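So the structure is just underneath, and the comments pick up after that.
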There are 2 protein chains.
Amino acid sequence: MPRNKSDQNREEKRDEIVTAARSLFIKDGFEATPINRLARAAGVSANTIYWYFKDKDEVLVAVLDGELNARMTEYLKVTFTNHTERLLWVVNQLEEVSLLVSTVHTRLQSSAAINVWHERFHAMTEGLLRAEMQTLGVASEKMDALVKISVFAVEGLLSHDVSGSDKTSICEALATGW
Amino acid sequence: MPRNKSDQNREEKRDEIVTAARSLFIKDGFEATPINRLARAAGVSANTIYWYFKDKDEVLVAVLDGELNARMTEYLKVTFTNHTERLLWVVNQLEEVSLLVSTVHTRLQSSAAINVWHERFHAMTEGLLRAEMQTLGVASEKMDALVKISVFAVEGLLSHDVSGSDKTSICEALATGW
DNA sequence: ACCTGAACACCGTTCAAGT
DNA sequence: ACCTGAACACCGTTCAAGT
């Protein structure tokens, strides 16, 4: 059943706002992008954004969903030769949106919407990681701990910008143990 | 040489502000504590705080220094039976000031003062950890990676509140390898 | 339904003026 | 030197009013 014209326009307009938000949030950061500037970039007035989104955090969630989708599509297309390489790929991808990552961790506490998104994201990535590590023969008693350690290490790499060689050796240590 | 009266009063007043800030920042959080409320709790007017501190972040740095000092004094008094126990102790200590921890990671980007403090903190804790792990016979090529992984894992535990049993198994995995 | 200009509430910080 | 009341700048959000 085809959408009516009004609905189409609504989605297009919403998308324009999200597109503008994506580029600004990634380049300048969520906190450094006032609603006013976002509105100007999207070609609407500031309060119009509140017609399409409940609040600024909901705009962020839309951006996050879009980015996650794009990166996941990419991930499924790549073939990795080993686990270290896979972890490094993830780190590099996340580094391109590192401002988004730190904003999520910041707003987690004050925004229920971001909190929910963050939990879903962790559940998903931990699930993928667990499946991958099972094929590598990680002992099942240490599995849960190692999965979380890997996720935390990747997040740490993003927020503490570490040298490239340290990044590599950290991913290697995660992949091969000690 | 004794301080003159004016200097004494200045330090005492400053301390009163820091004491009020410590309790509010830890209980409610830095972001949820407007300068106004802090001023009222300290018994001064809002702008008086700017006579003693350059800005709100500098108040935070004073609180962080005080807390770090207190916890370090405590740390040196405790004797640990193994490395897992030591890591768990650190996690528990940091959990008592978890709002401070997440605020530091948040304000890191926008405040030079917090950034400097954060770097010093990491240098110090990584140094302590490295020394400890050397006595445990960790291979020196993996040392740097393992130190950073441990720090990141501890930070992850704080910001993602994980179950108690997961905490234990993560610290065990960090201490005993995989 | 969709959009806007104007206003509101909040917050960190500064300024002119006092002692 | 120390402190204050008042004001400023900024920002997210809402409201009354338009089409």
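Order of the sequence lines sets the chain letters (A, B, ...), proteins ahead of strands, with each chain counted from 1. This structure is a prediction, so every number in the text was calculated from the model and none was measured.
- With salt bridges taken as basic N to acidic carboxylate O contacts below 4.0 Å, one links B/Lys167 and B/Glu95.
- Using a 4.5 Å heavy-atom threshold, the side chains of B/Tyr52 and B/Val59 count as separate.
- Side-chain proximity of A/Asp55 to the nucleotides D/dT13, C/dG12, C/dC3 is greatest for D/dT13.
- Aromatic ring pairs are classed by plane angle as parallel below 30°, tilted from 30° to 60° and perpendicular above 60°; the pair B/Trp89 and B/Tyr75 is tilted.
- Contact of the B/Val18 side chain with the B/Phe53 side chain is registered, since non-hydrogen atoms from C-beta on lie closer than 4.5 Å.
- Rounded to whole Å, atom P of C/dG12 lies 9 Å from atom CG of B/Leu38.
- The side-chain heavy atoms of B/Leu100 and B/Phe25, taken from C-beta on, include a pair separated by under 4.5 Å.
- Distance CD (B/Glu11) to C1' (D/dA1): 16 Å, rounded to an integer number of Å.
- Atom CG of A/Asn9 is separated from atom C1' of C/dC3 by 14 Å (rounded to the nearest Å).
- B/Asn36 places its CG atom 8 Å from the P atom of C/dG12, with the value rounded to the nearest Å.
- Side chain of B/Arg40 to backbone of B/Ile35: no donor-acceptor contact under 3.5 angstrom is found.
- Proximity of A/Lys54 to the phosphate of D/dT13: no side-chain N or O atom is located under 4.0 Å from OP1 or OP2.
- One distance of note links CG of B/Leu64 with CG of B/Leu60; it measures 4.0 Å at 0.5 Å rounding.
- Going from atom CD1 of A/Ile35 over to atom P of C/dA6 covers 19 Å, rounded to whole Å.
- Looking at DNA chain D, the stems built from 3 or more consecutive Watson-Crick or G-U wobble pairs, each pair with its key distances under 3.5 Å, are C:4-8 with D:12-16, C:12-16 with D:4-8.
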Name every donor-acceptor pair, under 3.5 Å, that has one atom in a side chain of residues 119-129 of chain B and the other anywhere in the protein, sequence neighbours excluded.
{"from": "B/His122", "atom 1": "NE2", "to": "A/His160", "atom 2": "NE2", "distance (Å)": "3.1"}
{"from": "B/His122", "atom 1": "NE2", "to": "B/His118", "atom 2": "NE2", "distance (Å)": "3.0"}
{"from": "B/His122", "atom 1": "NE2", "to": "B/Glu155", "atom 2": "OE2", "distance (Å)": "2.9"}
{"from": "B/Thr125", "atom 1": "OG1", "to": "B/Phe121", "atom 2": "O", "distance (Å)": "2.9"}
{"from": "B/Thr125", "atom 1": "OG1", "to": "B/His122", "atom 2": "O", "distance (Å)": "3.2"}
{"from": "B/Glu126", "atom 1": "OE1", "to": "B/Lys148", "atom 2": "NZ", "distance (Å)": "3.0"}

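- Distance CD1 (A/Ile49) to P (D/dC11): 14 Å, rounded to an integer number of Å.
- The CD-C1' distance, from A/Glu16 to C/dC2, rounds to 14 Å in whole Å.
- Regarding contacts with the backbone of D/dC15, every side-chain N or O of A/Tyr50 stays at 4.0 angstrom or more from both OP1 and OP2.
- For A/Arg10 and C/dA1, the shortest distance from a side-chain N or O to OP1 or OP2 is not below 4.0 Å.
- You'll find that the side chain of B/Lys13 is closest to D/dC3, out of D/dC3, C/dT13, D/dG12.
- A salt bridge links B/Arg71 to B/Glu96: one of the charged nitrogens lies within less than 4.0 Å of a carboxylate oxygen.
- Nucleic acid contact for B/Tyr52: sugar-phosphate only, since backbone atoms but no base atoms lie under 4.0 Å from a heavy atom of the residue.
- Contact check, B/Ser45 against D/dT4: a side-chain N or O comes under 4.0 Å of OP1 or OP2.
- Look at CH2 on B/Trp51: it is 9 Å from P on D/dC3, rounded to the nearest Å.
- DNA chain C is contacted by no residue of residues 17-31 of chain A, taking any non-hydrogen atom closer than 4.0 Å.
- Checked against C/dT13, C/dC2, D/dG12, the side chain of A/Lys56 finds its nearest nucleotide in D/dG12.
- Between A/Phe30 and A/Val63 there is no side-chain heavy-atom pair separated by less than 4.5 Å.
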